[in-house]
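To keep things clear, I will list the structure first and then write my remarks on it.
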Amino acid sequence: MNELQRKILQLKAERGVFILAHNYVIGEVQDIADYVGDSLELSRRAAEVKAEVTLFCGVRFMGETAKILSPSSIVLLPAPDADCPMARMADPAAVTAARQAHPDAIFVAYVNSTADVKAEIDVCCTSGNAARVVAALPGDREIVFLPDGNLGRNIAGGLGRSLTFWPGCCPIHDRVTVAMIEEARRRVPGAPVLVHPECRPEVTAAADAALSTGGMLKYVAESPERRFVIGTESGLLHRLIRENPGKEFFTLKPELICADMKKITLENVLAALENFTGAVELPEELCRKAAAPIHRMLEL
Ligand code: 13P
Ligand code: SF4
């Protein structure tokens, strides 16, 4: 533990702040958090938080989700400009236009979407529950899935159900290719290759499993294998290594880095704690409308 981390822990305790962190933020930030998880685990946790102030070490849509689920609490983002580029690939005007073009469809939005888009859709999902959410919807209705076209295609393939896709993707996971998997299989023979469901369908088909970050942690913990190739953002390696002594991890490509997740540093966490800066502000009415699809997801 370094000096900055000690200072953060002391201030956090003095001020009664609860710190949530996503699996992709840098390891030294994960280490000062009260809870580290994937998007689904963090949404569940955010809904339960009792503290008056939550500091969310993640990108904007995650902080917004925490605020929507707990509108009376103060949610601080240490790096308010850390945003998910995919979440910006769907805006409320485009969703409204799509609703008019598909009046009978159920609109499912990946949690990686803005609060004002959530306010326009029917149900949310995360990579950890997307297939379950879609499977629970009536089979005779059209489903428009946004904004991640790759996740949508992966679910559709898995369920054998046709969906209407949105032209969005995660710029990091969309870069993963089948050639990268083939190269990794030569480099680390026999090791399971795990990728994220935000990767293209041909990539998820070539891997051993396509899992949320929480799903990858579970897979590795339960697997008798000793070596694994990890095809997701580099931040996940921190927990994989720490929680699995004796197991070895190889990145599919070291360049799988989400620049926005890396904007969260010990320095800006400390500054947000000291000054209570970076508060997520959302109108009450928007929170109310955006909460409904998230609660529907959590109920499912
Ligand atoms: P997880 O829910 O799997 O942690 O994914 C979040 C994310 O942003 C993936 O790029
Ligand atoms: Fe968004 Fe991709 Fe970064 Fe996740 S890894 S926050 S989906 S850009």
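What you find for Leu55 and Ala272 is that their closest heavy atoms are CD1-CB, 3.9 Å. Nearest heavy-atom pair, Cys57 versus Val269, reported as atom, atom and distance to 0.1 Å: SG-CG2, 3.9 Å. For Val117 against Ala90, the heavy-atom pair with the smallest separation is CG2-O, 3.3 Å. Residues Leu211 and Gly215 approach most closely at CD1-O, 3.7 Å, considering heavy atoms. The nearest pair of heavy atoms linking Leu282 to Cys287 is CB-SG, 3.7 Å. Counting all heavy atoms, side chain and backbone alike, Ile181 lies closest to Ala206 at CG2-O, 3.8 Å.
The list of ring pair (Phe, Tyr, Trp, His ring centres under 6.0 Å) pairs with a residue in residues 226-247, not counting sequence neighbours, reads Phe228-Phe249. Under the salt bridge (Lys or Arg N to Asp or Glu O under 4.0 Å) criterion, the residue pairs touching residues 274-285 are Glu285-Arg288, with sequence neighbours excluded. Within the structure, every pair that satisfies the side chain to side chain donor-acceptor pair (under 3.5 Å) test and touches residues 71-99, not counting sequence neighbours, is listed here: Ser70-Ser73, Asp83-Arg88, Arg99-Asp122. Pairs of residues two or more places apart, or lying in two chains, that qualify as salt bridge (Lys or Arg N to Asp or Glu O under 4.0 Å) and include a residue from residues 5-16 are Glu3-Arg6, Lys12-Asp34. The salt bridge (Lys or Arg N to Asp or Glu O under 4.0 Å) contacts involving residues 211-230 comprise Lys218-Glu222, where partners must be two or more places apart or lie in separate chains.
In this structure, the side chains of Val17 and Leu76 stay at 4.5 Å or more apart for every pair of heavy atoms. For the pair Ser39/Tyr110, no side-chain contact is recorded, criterion being any heavy-atom separation below 4.5 Å from C-beta on. Under the 4.5 Å side-chain criterion, counting only non-hydrogen atoms from C-beta, Met216 is in contact with His196. Looking at Ile264 and Asn268, their side chains come closer than 4.5 Å, going by heavy atoms from C-beta outward. Using a 4.5 Å cut-off on side-chain heavy atoms (C-beta onward), Asn129 and Leu300 make no contact. The shortest side-chain heavy-atom distance between Leu266 and Val29 falls under the 4.5 Å cut-off. The closest side-chain heavy-atom distance from Val36 to Asn23 is below 4.5 Å. Here the side chains of Thr126 and Met297 are in contact, with some heavy-atom distance below 4.5 Å.
Not counting sequence neighbours, Arg45 has no partner by the side-chain hydrogen bond (donor to acceptor under 3.5 Å, both in side chains) test. For Glu182, there are no side-chain hydrogen bond (donor to acceptor under 3.5 Å, both in side chains) partners two or more places apart in sequence or in a different chain. Residues forming a ring-ring contact (aromatic ring centres under 6.0 Å, His included) with Tyr24 (at least two apart in sequence, or on another chain): His22. Among residues two or more places apart in sequence or in another chain, the side chain to side chain contact (heavy atoms under 4.5 Å, CB included) test is passed with Cys258 by Ile172, Glu233, Asp260, Met261. Not a single side-chain hydrogen bond (donor to acceptor under 3.5 Å, both in side chains) links Thr54 to another residue, sequence neighbours left out. For Glu120, there are no side-chain hydrogen bond (donor to acceptor under 3.5 Å, both in side chains) partners two or more places apart in sequence or in a different chain.
Distance alone, capped at 3.5 Å, is enough to place a donor-acceptor pair between the Arg60 side chain and the Pro80 backbone. Side chain of Lys118 to backbone of Ala109: no donor-acceptor contact under 3.5 angstrom is found. Judged by distance alone, with hydrogens and angles left aside, the side-chain atoms of Glu41 form a donor-acceptor pair with the main-chain N or O of Asp38 at under 3.5 Å. For the pair Asn154 (side chain) and Pro197 (backbone), a donor-acceptor distance under 3.5 Å is present. At distances below 3.5 Å, at least one donor-acceptor pair connects side-chain atoms of Trp166 with backbone N or O atoms of Met89. Judged by distance alone, with hydrogens and angles left aside, the side-chain atoms of Glu64 form a donor-acceptor pair with the main-chain N or O of Ala115 at under 3.5 Å. Of the possible polar contacts, one joining the Gln30 side chain to the Val25 backbone as a donor-acceptor pair under 3.5 Å is found. Judged by distance alone, with hydrogens and angles left aside, the side-chain atoms of Lys50 form a donor-acceptor pair with the main-chain N or O of Glu48 at under 3.5 Å. Proximity of a side-chain donor or acceptor of Asp174 to a complementary backbone N or O of Pro171 within less than 3.5 Å is not detected.
How far CG of Leu237 is from CZ of Phe250: 11.0 Å, rounded to the nearest 0.5 Å. Atom CG of Leu151 sits about 8.5 Å away from atom CG of Asn112, to the nearest 0.5 Å. In this structure, Leu69 CG and Ile294 CD1 are separated by 4.5 Å, a value rounded to the nearest 0.5 Å. Interatomic distance, CD of Glu202 versus OG1 of Thr204, reported as 8.0 Å (0.5 Å rounding). Between the CG atom in Leu40 and the SG atom in Cys124 there is a gap of 11.0 Å [rounded to 0.5 Å]. How far CG of Leu252 is from SG of Cys199: 8.0 Å, rounded to the nearest 0.5 Å.
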Fill in: Full working for side chain to side chain contact (heavy atoms under 4.5 Å, CB included) between Thr177 and Lys253
CA-CA 10 Å; Thr177 62; Lys253 258 298 187 213; over 6 Å; no
(request) May I have the step-by-step check of side chain to side chain contact (heavy atoms under 4.5 Å, CB included) for Thr65 and Met62, ending in yes or no? (result) CA-CA 5 Å; Thr65 305; Met62 297 178 172; 5.6 Å; no
task = Apply side chain to side chain contact (heavy atoms under 4.5 Å, CB included) to Thr251 and Ile230, showing your working.
result = CA-CA 5 Å; Thr251 50; Ile230 304 300; 5.7 Å; no
His173 and Asn150: CA distance, side-chain angles, deciding distance, side chain to side chain contact (heavy atoms under 4.5 Å, CB included) verdict:
CA-CA 9 Å; His173 290 99; Asn150 287 337; over 6 Å; no
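We find that Arg187 and Glu183 are joined by a salt bridge, their nearest charged nitrogen and carboxylate oxygen being less than 4.0 Å apart. The residues Arg185 and Asp208 are annotated as salt-bridged, a charged nitrogen and a carboxylate oxygen being separated by less than 4.0 angstrom.
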Donor-acceptor contacts, no H, no angles, side chain residues 158-165, under 3.5 Å, sequence neighbours left out:
| from | atom 1 | to | atom 2 | distance (Å) |
| --- | --- | --- | --- | --- |
| Arg161 | NH1 | Leu137 | O | 3.2 |
| Arg161 | NH2 | Pro138 | O | 2.6 |
| Arg161 | NH2 | Arg141 | O | 3.2 |
| Thr164 | OG1 | Glu142 | OE2 | 2.6 |

